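Below is a structure I'd like to ask you about.
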Amino acid sequence: MHRFANPMRFVRLAAAIQPWTAGVTLILLALGLYFGLFDSPADYQQGESVRIMYVHVPSAWLAMAAYSTMAFASGVGLVWKHPLADLIAKAASPIGAAFTFVCLVTGSLWGKPMWGTWWAWDARLTSMLILFFLYLGHMALLNAFDDPTRGTKAAGILALAGFVNIPIIKFSVDWWNTLHQPASVSKVGMPTIDPSMLLPLMLMGVAFTTFFVTVLLIRVRSEILAAKVRAIRLNQIHSAPGAISGELVGESPR
Amino acid sequence: MTEGPLSSTFSADGLACVRGERVVFAHLEFRLTSGEALFLLGPNGSGKSSLLRLLAGLLKPAAGRLAWDGQPVAEDREAHAARIHYVGHHDAIKPVLSVLENLRFWARLHDPEAGDARAQAALERFGLWHLRSIPGKLLSAGQKRRLNLSRLLAAPAPVWLLDEPSVALDKASVRTLEAVIAEHRAQGGMVVLSTHADIDLPDAGTLYLDRFAPRPAEAAEAWI
Amino acid sequence: MNRLAEIIRRDLRLALRQGSDSVMVVTFFVLTVVLFPFGLGPEANLLERTSAGVLWVTALLASMLSLDRLFLADYEDGSLELLALTPTALELLVIGKVAAHWLTTGLPLIVAAPVLAVLLHMNADGFATLLFTMLLGTPTLSLIGAMGAALVLGARRGGVLLSLLVLPLYVPVLIFGVGAIDAAVQGLPAKAQLLLLGGMLVAALPLAPWAAAAALRQALE
């Protein structure tokens, strides 16, 4: 048990990194939004609505990156029984779900001017929708058990199964889409992208990534502290029958 | 398997068990050789059932190791599973299968070669043979428990892990169980059991689990 | 292998004596399919065009009906502990249980499917492919479903949760199942789709029992 990396060391490390990632996020987000909204050209075809891309595309990237993070952490947690990895997987899930949701909403908003409809069964959007369901299932499973360790372990297996399935789902949806999609609507993607558009896109991409890292660190830290509180309570229950629980809960972490 | 002249040992070193983020016991050790029996004693929550599940292989130890003749048990799950019989709190009896069908299924699953003669002998021993075609749902709690215990005899295994085996048994059945355990030990078998002290086993060892309770400071430390 | 046969035999016997879910599953399948003409209208063209999709979506939902009980009874009466302590790979026993489950629920669906295809005016060219896709697809559904069933053991609201976990993973089977039938009806070769369905079955056969067994061991801890 004690051979595992010390979680309290992680908490200290995270506390040290967090201001930096948060700062970088703010700066890059401000820059990216400025370039994206004001200092980049409107698309000759799509007009001003192309600016949705600066939120939509990075969200899609992060939605997938978060799932990969989650699956990787789950794998580490399952193989090496590293509790910190389980916590990272647990913490990544809602953030990834939020990115997926943002991606779907912005995709829908983008679809209105582009396709003339809020929703088209476009291959990429459909895959994202299924990814969203995978996230929802993962989060539901995490919280479905009275024993939190059982939840993390079961969710770990699900995350891996989902990860194996994502390429298959992606492939099948692409195949299905090319079969059913009328040719007129299908090509919306980004054609050759102009450097003036690439810059804000990249800035936003990095900003979203540092944002993800920041939130992940906060969530893992609070999970560790919550586990610590539970540990203190358990100690009270099992070692000192007379102790009043809650007495030590406010204790600061070592 | 055990009938051979060779004596085996089943041992634990530095065993620790974590349940629901709580350390139940730590640094637990024992050594059991052929023909020996071990009583697990301790108050509620001291980990008697957890230890039995751990010995069976249903739980993984948080630390320490279990060994059979010095070989780590974790290396070969299946070989270990073939060595043990575990009787837990539930009797694992299907209500729509008959007594004999229930027993035969578990015996064959444990040892595909297990013959019906052994199953019959087991049921006769526990006084259930005349009920052999009765469906499980009609059995009383005591009869279910006896049927569950019949598994011990229907397919041989050297190590018996019994979690409160005498629950729901009447006096006579407890005597039968004691006799069955004595025979098993005479043939070189081992028994680990937890009970509320109504089973009498001559010269059985005892393991007081509260001795291995973690110190208060580390009770829930687990990994924090 | 003896043990595999043993567990299949036991589960089939249990299904037979308990009045299995087969009847319920098929009834649900038939009833739900029959609802579609009421919802879509009795127009033969429309029904014909949607028949493959309707049959597959409904079969998929029907096959999920009894999934949450796949391991639940064994979990509750202690049998699962003993199964996990059997001197064999737990994966093998999972395959046995899935096989029995498929025989009692998947197979009846396949038998009922052509009758319902007639009711939906499916083009007769699609019948053979319909059977093929279901033969290849329903075992995959059972395998994936078994993994889900193992994951939700002991969970609150396990049944609803199970559908949330399993349905997104069913999407590829649905797509290629329907795709194959549509192709056959239009006189196109459906070999690619059938091969993909077969491939998914071959992939699920080792992976799903492995994941299910891992989940079952965790449920017992």
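Predicted, not measured: the structure shown is a model, and the values here were computed from it.
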May I ask you to check whether C:Thr138 and C:Trp102 show a side-chain donor-acceptor distance below 3.5 Å?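 Yes, side-chain donor-acceptor contact under 3.5 Å.
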Between C:Asn2, C:Leu80, C:Ile7, C:Leu82, the one whose heavy-atom pairs under 4.5 Å with chain B are most numerous: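 Top option by heavy-atom pairs under 4.5 Å: C:Leu82.
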Does the side chain of B:Glu124 come under 3.5 Å of the side chain of B:Gln120 through a donor N or O and an acceptor N or O?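 Yes, B:Gln120 and B:Glu124 have a side-chain donor paired with an acceptor closer than 3.5 Å.
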Check the surroundings of atom CZ in B:Arg31: do more than 12 heavy atoms from other residues, nucleotides or ligands lie under 6.0 Å from it?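 12 or below, so no.
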Using a cut-off of under 4.5 Å for heavy-atom pairs, which of C:Ala89, C:Gly78, C:Ser79 has the most such pairs with chain B?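 The option with the most such pairs is C:Ser79.
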Could you tell me which of B:His85, B:Arg151, B:His80 has the largest number of non-hydrogen atom pairs under 4.5 Å with chain C?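 Among the listed options, the one with the most contacts to chain C is B:Arg151.
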Heavy-atom pairs under 4.5 Å with chain C are the metric here; pick the option from B:Ile93, B:Asp91, B:Leu109, B:Leu97 that has the most.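 Looking at each option in turn, the highest pair count goes to B:Leu109.
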Side chain, backbone, both or neither: which part of C:Leu83 has a heavy atom under 4.5 Å from chain B?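 Backbone plus side chain of C:Leu83, per the 4.5 Å heavy-atom cut-off to chain B.
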Heavy-atom pair count under 4.5 Å with chain C, highest-scoring of B:Leu59, B:Leu58, B:Leu54: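 Top count of heavy-atom pairs under 4.5 Å with chain C: B:Leu58.
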Among B:His90, B:His89, B:Glu78, which residue forms the greatest number of heavy-atom pairs with chain C at distances under 4.5 Å?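 Winner by heavy-atom pair count: B:Glu78.
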Measure C:Arg3 against the heavy atoms of chain B and call it side chain, backbone, both or neither at under 4.5 Å.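 For C:Arg3, the contact with chain B is made by backbone and side chain together.
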Heavy-atom proximity to chain B below 4.5 Å, by part of C:Gln218: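 No part of it gets close to chain B.
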Residue C:Arg69 excluded, over 12 heavy atoms near CZ under 6.0 Å: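 Counting other residues, nucleotides and ligands, CZ of C:Arg69 stays at 12 neighbours or fewer.
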So among B:Arg53, B:Arg19, B:Lys60, which one has a salt bridge (Lys or Arg N to Asp or Glu O under 4.0 Å) with C:Glu221?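 The single option meeting the salt bridge (Lys or Arg N to Asp or Glu O under 4.0 Å) with C:Glu221 is B:Lys60.
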For each of C:Leu90, C:Thr86, C:Leu93, tally heavy-atom pairs with chain B at distances under 4.5 Å, and name the one with the top tally.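 Top count of heavy-atom pairs under 4.5 Å with chain B: C:Thr86.
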May I ask you to check whether over 12 heavy atoms, not counting those of C:Trp210, lie within 6.0 Å of atom CH2?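 Incorrect, the count does not exceed 12.
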Go through the steps to decide whether B:Arg104 and C:Glu6 satisfy the test salt bridge (charged side-chain N to carboxylate O under 4.0 Å, His left out), and finish with yes or no. CA-CA 10 Å; B:Arg104 213 155 40 184; C:Glu6 201 65 44; over 6 Å; no
